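Below: the structure, in structure tokens.
Note that this is a predicted model, so its numbers are computed, not measured.
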Amino acid sequence: MFTKILIANRGEIACRVAATARRLGIATVAVYSDADANAQHVAACDEAYWIGPAAAAESYLRADRILAIAQRSGAEAIHPGYGFLSENEGFAKAIAAAGLVFIGPPASAIAAMGSKSAAKELMGAAGVPLVPGYHGAEQEASYLQEQADAIGYPVLIKASAGGGGKGMRIVTNTGEFAAALQSCQREARNSFGDDRVLIERYVQQPRHIEIQVFADSQGGCVYLFERDCSVQRRHQKVIEEAPAPGMTAARRQAMGEAAVAAARAVGYVGAGTVEFIADQAGNFHFMEMNTRLQVEHPVTEMITGYDLVEWQLRVAAGEALPVTQERLAVHGHAIEARIYAETPLKNFLPSIGHLAHLRTPQASSFAGQGSPAWPGGGRAILPESVRIDSGVRENDDITPFYDPMIAKLIVWGADRQQAIARMKQALASYEVGGPGTNVEFLARLMRNASFGAGKLDTGLIERERADLLPEPVAPGLRTLAIAAAAVLANEANAVRRTPGSGAAADPALERQSDWPDPFSAPSGWRSASMLARLLPFTDAAGSYAVEVDYHRDGYLVRLDDASICLADVRLDPATRRLRCRCGDEVLEVGCVIDGETIDLFLPEGPQAIGYAPPLAHAGAEAADPGRLTAPMPGKVIALLVAAGDRVTAGQPLVIMEAMKMEHTIAAPQDGEIRQILYAVGDQVVEGARLIEMGTA
């Protein structure tokens, strides 16, 4: 076994590998960029070395720097995690040439599966079923158009070197093909440095089912059953579960044996995932093989009871697999939800920012689990009800440089319904203050009838959009009253913190005389009457003017013709818990006030409320609808119009790239382009004016 390994990655996978290595007595070396100096994975490892600036191309993708650090630190092997260089044939070769061990498959297997086109030809020869399509070397646009026309629409254009949902476009008719091809090639070139594509018939209502395979260097190869990854947005997985709903034993065996055949065809060693596209009748076709550990591997660990990272380390050190196929079995059901910093109602745009508050459900981490007796063959770990794999902590920042995933939330149940129930409960306890998240979207997904019935396919989210992504609804008076309580309690805390204020340290002992002047006391005392205020709140649905009347024993909150009483209002700055009596209800909820945003974590779900003191923006300019702004930080990668052009509402104007995904900015109305303020290649901040338009 190794004594020291370098982890050439970041985030939750680096933390995950470090935990297993620590349990096995293996020292770990972390690498970090300018953006990651204080990251959790750095703290999780025994040593850490800087590798470059924040941009991945200058840090985590610099194989030469990573290899130099491995040699300098005395590491014997390199674990690539997933993403970055994990499927880079040149990186694997360089590691071997340096006399170190790559904790992954042979470079030849990476090369064989690295090109989706070449892999499909190889799989066809091995007897693995394929989707009809074009996988050839000819990449002339007109020729590709002819192939798509011959296959028949709808077709799927896919980056040959792609992964992670990047470089993929669904085309429904021949007129859409040229623009979709250009976009796909551009994204593939930016993400993978390779703009070659393949074209396949798009399977209607497809299910995305993958098989976890594992092979050793002594001829052993097994499959650890399937994962259903059909629930996706923007071609990226959102929910993964194992086993797949509705999977029969016969189909599981057929898919597993096909996956093992695929692995054997390329002389595979280590952890890999063979991905299949399946129709609703159960027919399945090879899609691709990921020559690495997958993000969703925890659900496989939960149903089989084995630590797959331990398997990786031991197999890379030359040991045989601990079990044969007949000794593997499915135990219960596991679901993984990916918690992202993103805005679902804005087409899942990444949301960067400071993690001002992070409170999670009670859960186990993977540290300390595992088999005390390898290779005895017994189940290595017991399933935990709730597990969290994360690479961030409270007060970390979500930056535009890397994937915006906050955590993987994994639950286990004796059956699927119990697992869904546990996921609902866990999501209800997950609080993130700062950037927007998809937590409430995931909760809606767990409540969705189609998902609950196991009616899954990759179009589920779009088909159920009305249920999963409803238009914003104005909050009720109760929610606005709780927001008012947050404002009032925060103001009282601010006065208490003022040096020399004379305010009581113990809020329970507060008297009128404890405050620097009678007008600043929370009682709202006035000489002739009690204080009345108007608190302006906003959210995605609109603006609300809430009236607050101060009374001796609390507050009366009014909106239109309705009112509710507030009393016993307290906000603990340390725990960020807001306590109050709202009407007849005694509440304790999470509350984070960050600038002009109030994040409330209510029993019914999170609620973000904007609050700007009336004088905070006095004199500010009115918004100019003719100025199109960047919806997130990123890079301008295409300008589709020029100054002087006349455009129509909805016409694409600019394409930006953020976190390796493309985002198209369209004209909000008919008009004329007056000025373009940035050029292709420019980096822009969120809210930057990109274009000035005049009305038609």
Apply salt bridge (Lys or Arg N to Asp or Glu O under 4.0 Å) to residues Glu210 and Lys237 and explain how you reach the verdict. CA-CA 12 Å; Glu210 58 190 33; Lys237 302 163 188 173; 2.9 Å; yes
Could you go step by step and tell me if Ile209 and Met247 meet the side-chain contact (heavy atoms from CB on, under 4.5 Å) rule? CA-CA 10 Å; Ile209 297 177; Met247 178 66 73; 4.1 Å; yes
Could you walk me through whether Arg10 and Asp403 pass salt bridge (Lys or Arg N to Asp or Glu O under 4.0 Å), step by step? CA-CA 10 Å; Arg10 65 178 302 279; Asp403 186 273; over 6 Å; no
When you look at Asp415 and His333, which way does the side-chain contact (heavy atoms from CB on, under 4.5 Å) test go after all the steps? CA-CA 5 Å; Asp415 54 31; His333 197 96; 5.5 Å; no
Do Arg234 and Glu342 pass the salt bridge (Lys or Arg N to Asp or Glu O under 4.0 Å) test, and can you show the C-alpha distance, the side-chain angles, and the key distance before you say yes or no? CA-CA 13 Å; Arg234 300 172 66 107; Glu342 64 184 13; over 6 Å; no
Would you please test Val222 and Val323 for side-chain contact (heavy atoms from CB on, under 4.5 Å) and show each step? CA-CA 9 Å; Val222 298; Val323 293; 5.6 Å; no
I would like to know whether His235 and Ile170 meet side-chain contact (heavy atoms from CB on, under 4.5 Å); could you show each step before the answer? CA-CA 10 Å; His235 304 298; Ile170 299 171; 3.8 Å; yes
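Between Val299 and Glu241, every side-chain heavy-atom pair lies at or beyond the 4.5 Å cut-off. Using a 4.5 Å cut-off on side-chain heavy atoms (C-beta onward), Met287 and Phe276 make no contact. Contact check for Gln185 versus Val197: side-chain heavy atoms found under the 4.5 Å cut-off. Side-chain contact between Gln147 and Val155 is absent, with no heavy atoms from C-beta onward closer than 4.5 Å. Thr304 places none of its side-chain heavy atoms less than 4.5 Å from the side chain of Val330. When side chains are defined from C-beta on, Leu460 counts as touching Asn448, because their heavy atoms get closer than 4.5 Å. Side-chain contact between Arg416 and Pro243: absent, with no pair of heavy atoms (C-beta onward) separated by less than 4.5 Å. Taking the side chain as every heavy atom from C-beta outward, Arg359 and Phe601 never approach each other to under 4.5 Å.
For the pair Glu240 (side chain) and Cys229 (backbone), a donor-acceptor distance under 3.5 Å is absent. A donor-acceptor pair under 3.5 Å links the side-chain atoms of Arg264 to the main chain of Gly219, judged by distance alone. Of the possible donor and acceptor atoms, one in the side chain of Arg422 sits under 3.5 Å from a partner among the backbone N and O of Trp412. Not a single donor-acceptor pair under 3.5 Å links the side chain of Gln253 to the backbone N or O of Thr248. Proximity of a side-chain donor or acceptor of Asn347 to a complementary backbone N or O of Leu349 within less than 3.5 Å is not detected. Remark: side-chain polar atoms of Tyr268 are paired, donor with acceptor, to backbone N or O of Ala271 under 3.5 angstrom.
In the model, Glu87 has a side-chain atom that pairs as donor or acceptor with a side-chain atom of Thr291 under 3.5 Å. Glu275 and His208 share a donor-acceptor pair across their side chains, judged by distance under 3.5 Å alone. Of the N and O atoms on the side chains of Glu176 and Asn173, at least one donor lies less than 3.5 Å from an acceptor on the other residue. Of the N and O atoms on the side chains of Thr273 and Arg227, at least one donor lies less than 3.5 Å from an acceptor on the other residue.
In this structure, Glu464 does not pair ionically with Lys455, as no charged nitrogen and carboxylate oxygen lie closer than 4.0 Å.
Partner of Ile277 under the side-chain contact (heavy atoms from CB on, under 4.5 Å) criterion, out of Leu130, Val203, Asn283: Val203 alone. For the pairing with Glu12, the side-chain contact (heavy atoms from CB on, under 4.5 Å) check across Val17, Ile406, Asp389 returns one residue only, Asp389. Exactly one residue among Arg338, Gln212, Lys408 makes a side-chain hydrogen bond (donor to acceptor under 3.5 Å, both in side chains) with Glu296. That residue is Arg338.
For the pair Arg233 and Phe348, the cation sits on the ring face: its NZ or CZ lies under 6.0 Å from the ring centre, inside 45° of the axis. For the pair Arg292 and Phe102, the cation-pi criterion (under 6.0 Å, within 45° of the ring axis) is not fulfilled.
Heavy-atom minimum distance, Asn9 versus Pro80: ND2-O, 2.8 Å. Nearest heavy atoms, Ala265 versus Ala126: CB-CB, 4.1 Å. The shortest heavy-atom contact between Asp216 and Val269 is O-CG2, 3.8 Å. The two residues Arg169 and Ser183 make their nearest non-hydrogen contact at NH2-OG, 2.8 Å. The two residues Ala188 and Asp195 come nearest to each other via the heavy atoms CB-CA, 4.1 Å. The shortest non-hydrogen separation linking Pro472 to Leu345 is CG-CD1, 4.0 Å.
The CD1 atom of Ile335 lies 11.5 Å from the CG atom of Leu442; values are rounded to the nearest 0.5 Å. Interatomic distance, CG of Leu144 versus CZ of Phe177, reported as 5.5 Å (0.5 Å rounding). Here the straight-line distance linking atom CH2 of Trp311 with atom CG of Leu321 works out to 5.5 Å at 0.5 Å rounding. Expressed to the nearest 0.5 Å, how far CZ of Arg387 lies from CD1 of Ile410 amounts to 5.0 Å. Atom CE of Met423 sits about 4.5 Å away from atom CG of Leu409, to the nearest 0.5 Å. Taken from CZ in Arg447 to CG in Leu427, the straight-line distance is 9.5 Å, to the nearest 0.5 Å.
Annotation: Phe214 is not in aromatic contact with Tyr306 [ring centroid separation under 6.0 Å not met].
Within a 6.0 Å radius of CD in Gln280, more than 12 heavy atoms belonging to other residues, nucleotides or ligands are found. Atom CD of Glu604 has more than 12 neighbouring heavy atoms from other residues, nucleotides or ligands inside a 6.0 Å radius.
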